[in-house]
Amino acid sequence: MVIDGIFDFLPELVSGLLGGGLVAVLTIPEKKASARLDNAERVVKKYEEILARYERRITELEQQVKELEEKVDRKDERISELEDKLRGMERKRNSKGQFIKQDI
């Protein structure tokens with residue numbers, strides 16, 4: 001009868017649950033937690049790589065800014081020299097307003 005079928009199936013069900021099925025059911029949360037942890041570690045590693053790239057780029061840009069500032073300083077010095085020379089020349093005009101040739 002039906003009860004005999006259940007009793008025949010019951011040992012297999014109990015052995016399945018106790019043998020590996022119950023262990024599998026109990027370890028599912030642990031496996032999910034482990035998978036989340038692995039995923040979080042991958043995300044952290046990716047962000048660390050991105051951060052390292054940005055830090056390298058910032059260093060490169062800081063160096064470029066420094067070089068450009070030095071170049072601007074050199075140009076400013078040259079402009080100042082030329083302005084001083086021009087002011088000196090403007091003082092050396094004749095009565096007609098023409099520049100007097102000077103030996104430099």
Show the atom names and distances, to 0.1 Å, of all donor-acceptor pairs under 3.5 Å that link a side chain in residues 52-69 to residues at least two apart or in another chain.
unit_1 : atom_1 : unit_2 : atom_2 : d
Arg57  : NH1    : Glu60  : OE1    : 3.3
Thr59  : OG1    : Glu55  : O      : 2.9
Gln63  : NE2    : Glu67  : OE2    : 3.2

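- Rounding to the nearest 0.5 angstrom, the gap separating the CZ atom in Arg36 from the CG atom in Asp38 is 12.0 Å.
- Interatomic distance, Arg78 CZ to Asp73 CG, rounded to the nearest 0.5 Å: 16.0 Å.
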